[in-house]
Amino acid sequence: MSMLHSKPKEDTYLHKGMRNQLVQLLRDKKIKDERVLTAIGNIPRHFFLDPAFERHAYEDKAFPILADQTISQPYTVALQTELLELKKFDKVLEIGTGSAYQACVLAEMGISLYTIERQKELYDYVGKFFFLKKYFNIKRFYGDGYEGLPTYGPFDKIIVTAAAPYVPPKLIEQLKPGGIFVVPVGDENGQKMLRITKDKDGTLHTQELGAASFVPMLQGKNM
Ligand code: SAH
């Protein structure tokens, strides 16, 4: 699998056609930010999947990747991205690099991305991924997302792509005043998408945005 990941793959008219249909589906599901839709339309999601799942790459579904993790559902990727209200040159922190699909969607939007993965196997695998070489604005880190990246922060926007049992306090600290933090909170019995904003004076506001379904955000690093 890792050998396959290092070689460029083809992006055919068939793939592009399926991708346009996926973008239309996301539009029907009320994703409105055209920049998000353009980013999804630009990224060959089949590059990110195991060959066994490639023909399903443009279905609006999550799929398994390495180390028992998942590539998020396109709708979820689009929704979380839209909720961040990205501006060009924003400094963005992502927890849970996983396949790096969400990372590429963010990077397409002209921001500067810092992304952390706790699974060494996945971190190394993504390091060999040919497609990532085109994104100079993605910096990857192997580490524990609960710690954030204190030496690189604070961040304009923070996105967590795993379900946190509680809102990680260090990530709140690393959010700039005026910043936006999107994080699913809960466990296997139920999760909610939260959007937390920090006022200029540091006051926090939390909006609940409906049910979510993510793999858990785990403590510590995993070799
Ligand atoms: N954004 C990813 C989604 C991957 S699933 C994508 O587009 O493919 C969530 C990821 O979060 C998994 O890879 C998991 O290993 C990672 N993760 C879970 N807990 C973490 C933590 N504490 N720090 C960093 N990454 C974490």
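FYI, the numbering just counts along the sequence from 1. As a basis for the values below, the full set of heavy atoms in this structure was taken, side chains included, without hydrogen atoms, waters or symmetry mates.
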* Can we say Glu108 and Lys134 salt-bridge, meaning some charged N sits less than 4.0 Å from an Asp/Glu carboxylate O? -> yes

* Carboxylate-amine/guanidinium contact Glu34 Arg27, below 4.0 Å -> yes

Show every donor-acceptor pair shorter than 3.5 Å between a side-chain atom in residues 147-158 and any protein atom, with sequence neighbours excluded, or say none if there are none.
residue : atom : partner : partner atom : Å
Glu147  : OE1  : Lys170  : NZ           : 2.8
Glu147  : OE2  : Lys170  : NZ           : 3.4
Asp156  : OD1  : Lys176  : NZ           : 3.2
Asp156  : OD2  : Lys91   : N            : 2.7
Lys157  : NZ   : Leu84   : O            : 3.1
Lys157  : NZ   : Glu85   : O            : 2.8
Lys157  : NZ   : Asp90   : OD2          : 2.7

* Among all residues two or more places apart in sequence or in another chain, which pass the side chain to side chain contact (heavy atoms under 4.5 Å, CB included) test with Lys32? -> Lys30, Glu82

* Could you tell me how the ring of Phe131 sits relative to the ring of Tyr135: parallel (under 30°), tilted (30 to 60°) or perpendicular (over 60°)? => perpendicular

* Can you label the angle between the Tyr114 ring and the Phe141 ring as parallel, tilted or perpendicular, going by 30° and 60°? => parallel

* Asked: Has the side chain of Arg195 got a donor or acceptor atom that lies under 3.5 Å from a matching backbone atom of Gln207?
  -> no

* Taking Asn222 for the side chain and Arg118 for the main chain, is one N or O donor matched with an acceptor at less than 3.5 Å? -> no

* Separation between CZ of Arg140 and CD1 of Ile116, rounded to the nearest 0.5 Å -> 12.5 Å

* Asked: Are the ring centres of Phe47 and Phe130 closer than 6.0 Å?
  -> yes

* According to the ring-ring contact (aromatic ring centres under 6.0 Å, His included) rule, which pairs have a member within residues 11-37, sequence neighbours left out? -> His15-His46

[X] and [Y]: which non-hydrogen atoms are nearest, and at how many Å?
X: Pro177; Y: Lys200; answer: CB-O, 3.7 Å
X: Pro165; Y: Val185; answer: O-CG1, 3.9 Å
X: Pro184; Y: Val160; answer: CD-O, 3.1 Å

* To do: Please check if Leu25 and Ile43 belong to a single hydrophobic cluster, counting links between Ile, Leu, Val, Met, Phe, Trp and Tyr side chain heavy atoms closer than 4.5 Å.
  => yes

* **Verdict with supporting geometry, Tyr123 and Thr97, side chain to side chain contact (heavy atoms under 4.5 Å, CB included)** => CA-CA 8 Å; Tyr123 173 81; Thr97 316; 6.0 Å; no

